[in-house]
**Student:** 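Structure below; questions to follow.
In what follows, residues are counted from 1 in the order of the sequence shown.
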Amino acid sequence: MGMVQHIETAFSGRNDSAVSALVAGLEREFGRGAAKGLARHFLEAEEVDFRWDARSEERWLGIYEDPDSAGLELDRIAICGCLDGSWFTAIMLVDGEGKAHGMTGCRVAWDRTEAREGMLHGR
């Protein structure tokens with residue numbers, strides 16, 4: 001049986017505000033012209049963490065079995081969320097402490113409904 005969990009935090013709209021905060025900090029440090037380009041690089045380099053933090057719902061899929069994981073026990077969790085104005089669904093590899101270690105797939109969705117459907121039907 002799958003479990004769907006809504007993530008309720010004090011940070012309403014946290015996903016887009018994280019991107020806005022990143023751009024604002026980069027503008028202060030490097031100037032307006034460089035900020036958006038640098039933000040893209042940060043988002044790409046830290047995509048797993050940004051997507052995990054931007055999730056609005058999650059569903060446990062099962063244990064991730066990888067012989068190369070060196071004893072690290074990971075769970076596969078389907079998520080949906082919105083990052084930088086785009087809805088997505090993804091399969092994340094997460095440890096018991098709730099830290100994302102990887103992503104096995106991600107798909108952009110047209111809207112929240114499509115993203116949620118992708119999460120509910122993720123395997």
**Student:** Is the shortest heavy-atom distance from the side chain of Leu61 to the side chain of Ile91 under 4.5 Å?
**Tutor:** yes

**Student:** For Cys80 and Ala115, work out which heavy atoms get closest and say how close.
**Tutor:** CB-O, 3.4 Å

**Student:** Using the side-chain hydrogen bond (donor to acceptor under 3.5 Å, both in side chains) criterion, which residues pair with Glu47? Sequence neighbours excluded.
**Tutor:** Arg51

**Student:** Do the side chains of Leu120 and Trp110 join up, straight or via other hydrophobic residues, at under 4.5 Å, putting them in one cluster?
**Tutor:** no

**Student:** Could you measure the distance from the CZ atom of Arg59 to the OG1 atom of Thr89? Nearest 0.5 Å is fine.
**Tutor:**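 Interatomic distance, Arg59 CZ to Thr89 OG1, rounded to 0.5 Å: 9.0 Å.
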
**Student:** Quick one: are Met119 and Glu114 in side-chain contact, heavy atoms under 4.5 Å?
**Tutor:** no

**Student:** Do Ser56 and Cys82 come close enough that some side-chain heavy atom pair is under 4.5 Å?
**Tutor:**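 Contact flag for Ser56/Cys82 side chains = no.
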
**Student:** Go through the steps to decide whether Phe50 and Glu44 satisfy the test side-chain contact (heavy atoms from CB on, under 4.5 Å), and finish with yes or no.
**Tutor:** CA-CA 9 Å; Phe50 274 102; Glu44 289 171 12; over 6 Å; no

**Student:** Only counting residues at least two apart or in another chain, list the ones meeting salt bridge (charged side-chain N to carboxylate O under 4.0 Å, His left out) with Arg32.
**Tutor:**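 Partners of Arg32 under the salt bridge (charged side-chain N to carboxylate O under 4.0 Å, His left out) test: Glu27.
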
**Student:** Under 3.5 Å, is there a donor-acceptor pair between the side chain of Glu29 and the main chain of Gly25?
**Tutor:** no

**Student:** Decide side-chain contact (heavy atoms from CB on, under 4.5 Å) for Tyr64 and Asp75; before the verdict, give the C-alpha distance in whole Å, the side-chain angles of both, and the deciding distance to 0.1 Å.
**Tutor:** CA-CA 5 Å; Tyr64 177 68; Asp75 291 317; over 6 Å; no

**Student:** With side-chain contact (heavy atoms from CB on, under 4.5 Å) as the test, would you mind laying out the steps for Arg112 and Glu57 before giving the verdict?
**Tutor:** CA-CA 11 Å; Arg112 181 184 180 135; Glu57 294 183 63; 3.8 Å; yes

**Student:** Could you list the residues that satisfy side-chain contact (heavy atoms from CB on, under 4.5 Å) with Ala90, not counting sequence neighbours?
**Tutor:** Ile79, Phe88, Met92, Met103, Cys106

**Student:** Residues two or more places apart in sequence or in another chain: which of them pass side-chain hydrogen bond (donor to acceptor under 3.5 Å, both in side chains) with Asp49?
**Tutor:**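 Scan of Asp49 (side-chain hydrogen bond (donor to acceptor under 3.5 Å, both in side chains), adjacent residues dropped) gives none.
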
**Student:** Could you tabulate the donor-acceptor pairs under 3.5 Å formed by side-chain atoms of residues 93-102, not counting sequence neighbours?
**Tutor:**
from  : atom 1 : to     : atom 2 : distance (Å)
Asp95 : OD1    : Glu97  : N      : 2.9
Asp95 : OD1    : Gly98  : N      : 3.0
Asp95 : OD1    : Lys99  : N      : 2.9
Asp95 : OD2    : His101 : NE2    : 2.8

**Student:** Once rounded to the nearest 0.5 Å, what's the spacing between atom CZ of Arg116 and atom CG of Asp111?
**Tutor:**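 Going from the CZ atom of Arg116 to the CG atom of Asp111 covers 12.5 Å.
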
